[in-house]
Amino acid sequence: MGDRQVCLAAGMDDYISKPIQLQELAQALSKCPPQRNSEFTSIKQQEEVMHRELQPSSNLLQSGQKQTLKSAKILPSLQLILRGDRVAFAELIECCLTETARLVQHISTAIATQDIQTIWQTAHKLKSSTASIGAIALAQLCKVLEVQARSSNLQNNLELLSLLYQEYEQVKTALEKELAKEAP
């Protein structure tokens, strides 16, 4: 029995697999009364834009792209999905901060030990979670790390790790600013 079947059998109303897609989350939440479906009309468009933006440029290392956090669209969408629940939104940001720090550290350790499988698996997880909050540049770096590790290519990993740390710090700062806005 798969995860979905186990959860539904346990009494859950629905199930969403990781990585969570905004459209799937919106669809699941739209089943919860009361719900105004018109609130979610732009989420599919945002998801399509995010997918296009996740395609890393061929010169990611040289480009110095500054797309740290496209919070102008993504974070308000998450607030909308959470129906304005400020506590849940703050918890979501805190979870992102904690999990992102943990995954960045795992990537760093895996690069230091040249653990190729852990590099690509952790980079994949971090790519998905950072893309879902609009941290496109960080997600792109993770995608490059994932692709290189899957092909057993450790070239530029230290340089990529340095960029990963820099971008992570910018995303962390942006999320902390959002979190400060939610403080009473």
For the backbone of [Y] and the side chain of [X], can you confirm whether one donor and one acceptor N or O come within less than 3.5 Å of each other?
| X | Y | result |
| --- | --- | --- |
| Thr122 | Ile119 | no |
| Asn156 | Glu159 | no |
| Thr130 | Lys127 | yes |
| Ser151 | Gln148 | yes |
| Thr100 | Cys96 | yes |

Distance check, rounded to the nearest 0.5 Å: [X] atom [atom1] versus [Y] atom [atom2]?
| X | Y | atom1 | atom2 | answer |
| --- | --- | --- | --- | --- |
| Asn157 | Ile111 | CG | CD1 | 4.5 Å |
| Leu138 | Gln166 | CG | CD | 11.5 Å |
| Lys181 | Glu176 | NZ | CD | 13.5 Å |
| His106 | Lys125 | NE2 | NZ | 8.5 Å |
| Tyr168 | Leu126 | OH | CG | 10.0 Å |

Under 4.5 Å between any side-chain heavy atoms of [X] and [Y], yes or no?
| X | Y | answer |
| --- | --- | --- |
| Gln105 | Thr109 | yes |
| Glu169 | Lys172 | yes |
| Leu179 | Leu97 | yes |

Is there a path of hydrophobic side-chain contacts, each under 4.5 Å between heavy atoms of I, L, V, M, F, W or Y residues, that connects Ile133 with Ile16?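 In one cluster: yes.
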Could you see if Tyr165 belongs to whatever hydrophobic cluster contains Leu154? Use Ile, Leu, Val, Met, Phe, Trp, Tyr and a side-chain cutoff under 4.5 Å.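 Looking at the clustering, Leu154 is in the same group as Tyr165.
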Leu158 atom CG, over 12 foreign heavy atoms within 6.0 Å: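 Counting other residues, nucleotides and ligands, CG of Leu158 stays at 12 neighbours or fewer.
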Under 6.0 Å from the CD atom of Gln114, do we count more than 12 heavy atoms belonging to anything else shown?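 No, not enclosed.
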Which atom names give the shortest non-hydrogen contact between Leu164 and Cys142, and what distance separates them?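 Closest heavy-atom pair between Leu164 and Cys142: CD1-SG, 3.9 Å.
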Have a look at Ile107 and tell me which of Asp115, Thr118, Leu145 forms a side chain to side chain contact (heavy atoms under 4.5 Å, CB included) with it.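 Testing Ile107 for a side chain to side chain contact (heavy atoms under 4.5 Å, CB included) against Asp115, Thr118, Leu145 leaves exactly one candidate, Leu145.
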Ion pair Glu146/Lys143, N-O distance below 4.0 Å: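 So Glu146 does not pair with Lys143 through a salt bridge.
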Check the pair Glu99 / Leu103 against side chain to side chain contact (heavy atoms under 4.5 Å, CB included), numbers first and verdict last. CA-CA 6 Å; Glu99 187 66 6; Leu103 293 173; 4.0 Å; yes
